[in-house]
Amino acid sequence: MTATTPENGLRPRFRRLARGTVVSAIALALCGLGAGSAAADSDSATDESPAAELVLTAGVRGTVTPGSATTASLTVINDDTAALSAGRVTVELNRTPLPDETAVASWLDESEAAGGFTALGSDATAPVDPESSVTSSLFIPADTLTGLAPGVYPIRATLTGAATDAQEDADAVTSTSVLVVSAAAKPPVAVLVPITATPADGALLTAEELNVLTADDGRLTAVLEGVSGTSAVLAIDPAIPAAINALGSTASESTQEWLRQLEALPNERFALQFGDADATTQAQAGLPALLQPTTLAPFVNPAGFTNPAPETPDPTPTPTDAPQPTPEPTDGPVLPDDSELITVDGATPGLLWPRSDVSAADLATFATYVGDDAVTTVLSSSALSGATGARGAVGAQSVLVVDEPASDALSKAANEPDAAIRQRWLAEASAHLALSAQAHPSVPRLIGLDRDETRTAEALSEAISAVDSLGFGLSGVLAAPAAPVTLSAEPDSTRGTALQRMLDSEVVLGEFASILDDRQLLLSPKRIQIMRATAVGLGEKGFDEAMAAVNTATTDTLNAVDIPPASTIQLLSANADLPFSVRNDLPWPVNIRLSVHPSDPRLDVQSITPWTIQPDSTTRVKVPVSARVGSGEVSLRLELSSPTGVEISQPETVRVSVRAEWETIGLALLGSLIVLLIGLGIIRTVRRRRREAAETADGERNKHPDADADAESVALEESNE
């Protein structure tokens, strides 16, 4: 047995995936416990996690050819922070085959199987560093497997003696798996691979999101690499090409190249509903037609499209002299319509892949949705009785039957980045397919991977290649004879009821959107968000969260435009423009009408004032008012409505303190003050001039005293005469 280099960084979630059971050495001798993931159970009856975990697979993805030698792969995982010592591993095989799916589940989940186990071999394991793993192999010679007929056999491995320094006694670790002895002839198998991508805002993927998804290490890139070279049938969400097509030439090179590669793949394909919306939910909601986006025009970037080049005139002269019409110039670029945006090139029409809890009435409704009754519905085998292969018929309705146990195991393998754990799931998928092939050797099988957007290219490619038949795809499944099947699932109408409530709120939003120049700026993203809330890949918790997100977004939108509370306004003049604030949290300008209703006739107010509020702003709307005779407190009732009269927000009341007579009093006081100031100024000026004149006269007399005496003498003489 040869050990490989330790692998660091294995995820702790292996405890939930690798089905093994840890028991004490004494208990292991009494019964082989284990269920696919290694769980701890020390002989001290504590709940402490084991020091080691073990993963076992044998053959190629769990399969071996009759009469040939094979190898068992054993991975010892140490999730502890202390080193794990060397130990010894023993591999055992039960030669009693598992007869059916129930027996496989019982063995893998409960470690219960009929018959006894014989040892295939054992060897020592190498020490394992902290938080690392070591993979080793154990050769199983051909004579050890002699006499095994084609079928599925229980196999297990037990690790003993491996412990950390902190452990007093080493726990025994058991890992269970299956060994599939393959038959000479195998039925063809097709694999459905959904290609979906969910945007952060619930509407359409942005250019930035597409750049990340289609980069060299992007998740959409990983999907293309994973399906390349296989016969996988692609189930494509048309919202992905729509997001790329809406960008036109402004899409990044990696994004455009991804779409070109997708279209160039030879794989057969069909389109899911936009946003992977669930047709079952829509049928149970009583919708007359499948939901579609209202329009994708708001998402189209005009900068990515140019006017078509003018046609080159024909140099050949026309035989007539009649004037030729001149082409009318176009205003702006020619933009694609919705059908051009969402088209999935090469898609097979008439297929639906909804949730499988359908009723006969739902299947009949699907036929009306498609329009020509040529609909084929993909359903899980767990929802049907009597299914023998990939093709069935429920009455007159055509269905494709997905093998549920094999699909579940293969989906886990395709989602698993760790190679050792992935092999464990591949072995289980091979077991389920082998058992179904025993019952119906020549009937085609169909596997459908779950909706997962985090797969790696390596895991997806290996999972598909492990089971699919090259050259066999959708057309081969559709051409197979249809076996009669009956519905066995119990429909759950709660999602349909929830969808109807979301659509009812859409009606309210439609009225609210009348404040926009283009209502679709609001309604188109909302419709897509509602459709994505019903996506097939969402579990019950995911659906509840998506529905809550839709309701929260609706409430936030309806509350995005309103009148903030205001304090009392003082009105001191007879005529003025009162400013009232209006808040707009939407990313678009809105057109509103502000209605003002006074509680008292002493205030005359303009009843309706139209205004445009800019995006993400609070604007003051000025309303002309006139105060009549009297003063006091007046209440104004403010209401917002759209140009079509739709009420936008809750009314708000503002108090206005009217003091209109203060304007006259103020003017009188001001006039009196002005007159007083002018009078005082005149008096001061006269007094100053008189004082200046007197001072001038006194100064002159002081300068010429003799002249004054002579003047007096002359005056006396004249009087004597």
Side-chain angles (χ1 to χ4, degrees), residues 61-63 98-109 150-152 178 180 182-183 185-194 230-233 235 268 270 351-358 376-394 398-415 424-452 460 462-469 472-474 476-489 536:
R61 305 183 183 105
T63 303
L98 298 170
D100 50 34
E101 301 278 1
T102 303
V104 172
S106 179
W107 165 243
L108 294 176
D109 295 339
V152 179
V178 289
V180 179
S182 61
K186 297 180 182 179
V189 178
V191 181
L192 302 182
V193 179
T230 72
S231 296
V233 179
E268 294 180 279
F270 65 94
L351 270 81
L352 293 177
W353 191 1
R355 279 176 31 245
S356 293
D357 59 328
V358 299
T376 298
T377 306
V378 181
L379 298 177
S380 169
S381 61
S382 61
L384 301 168
S385 297
T388 59
R391 189 85 160 81
V394 180
S398 174
V399 296
L400 297 184
V401 183
V402 169
D403 189 314
E404 176 64 22
S407 297
D408 181 63
L410 198 70
S411 294
K412 291 175 180 176
N415 301 344
R424 171 66 181 76
W425 294 117
L426 292 176
E428 182 177 338
S430 299
H432 291 302
L433 288 174
L435 287 175
S436 60
Q438 286 181 358
H440 306 281
S442 60
V443 179
R445 299 286 156 183
L446 182 63
I447 290 180
L449 299 185
D450 60 16
R451 270 80 161 175
D452 187 283
L460 178 59
E462 186 173 7
I464 298 172
S465 301
V467 298
D468 82 327
S469 303
F472 183 78
L474 183 60
V477 174
L478 292 173
V485 295
T486 57
L487 298 173
S488 60
V536 177

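Side chains are part of it too, since the values below use all heavy atoms of this structure and drop only hydrogens, waters and symmetry mates.
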Sorted by chain and number, sequence neighbours left out, side-chain hydrogen bond (donor to acceptor under 3.5 Å, both in side chains) with Asp100 holds for none
Sorted by chain and number, sequence neighbours left out, side-chain hydrogen bond (donor to acceptor under 3.5 Å, both in side chains) with Arg451 holds for Asp276
If you measure from [atom1] on [X] to [atom2] on [Y], what distance do you get to the nearest 0.5 Å?
X	Y	atom1	atom2	answer
Trp425	Asn415	CH2	CG	10.5 Å
Leu426	Thr63	CG	OG1	9.0 Å
Leu192	Asp468	CG	CG	11.5 Å
Leu474	Thr376	CG	OG1	8.5 Å
Leu487	Leu384	CG	CG	6.0 Å

Between [X] and [Y], what is the shortest heavy-atom contact and its length?
X	Y	answer
Ile447	Leu433	CD1-CD1, 3.8 Å
Trp353	Val536	O-CG2, 3.7 Å
Ala463	Leu410	O-CD1, 3.3 Å
Ser407	Gly448	OG-N, 3.0 Å
Pro441	Pro187	O-CB, 3.2 Å
Ala489	Ser356	CB-O, 4.2 Å

From CA spacing to verdict: side-chain contact (heavy atoms from CB on, under 4.5 Å), Val193, Thr230:
CA-CA 11 Å; Val193 179; Thr230 72; over 6 Å; no
So side-chain hydrogen bond (donor to acceptor under 3.5 Å, both in side chains) across residues 382-392, not counting sequence neighbours, yields Ser380-Ser382, Arg391-Ser398
[X]: which residues meet the side chain to side chain contact (heavy atoms under 4.5 Å, CB included) condition with it, sequence neighbours left out?
X	value
Pro405	Glu101, Ser381, Asp403, His432
Val443	His440, Arg445
Ala387	Val401, Val485
Ala434	Val152, Val180

Applying salt bridge (Lys or Arg N to Asp or Glu O under 4.0 Å) to Glu462 and not counting sequence neighbours gives Arg422
message: I'd like to know if the side chain of Thr377 reaches the main chain of Val399, judged simply by a donor and an acceptor atom lying under 3.5 Å from each other, with no hydrogens or angles considered.
response: no
Answer yes or no: is there a donor N or O on one side and an acceptor on the other, between the side chain of Ser411 and the main chain of Asp450, under 3.5 Å?
yes
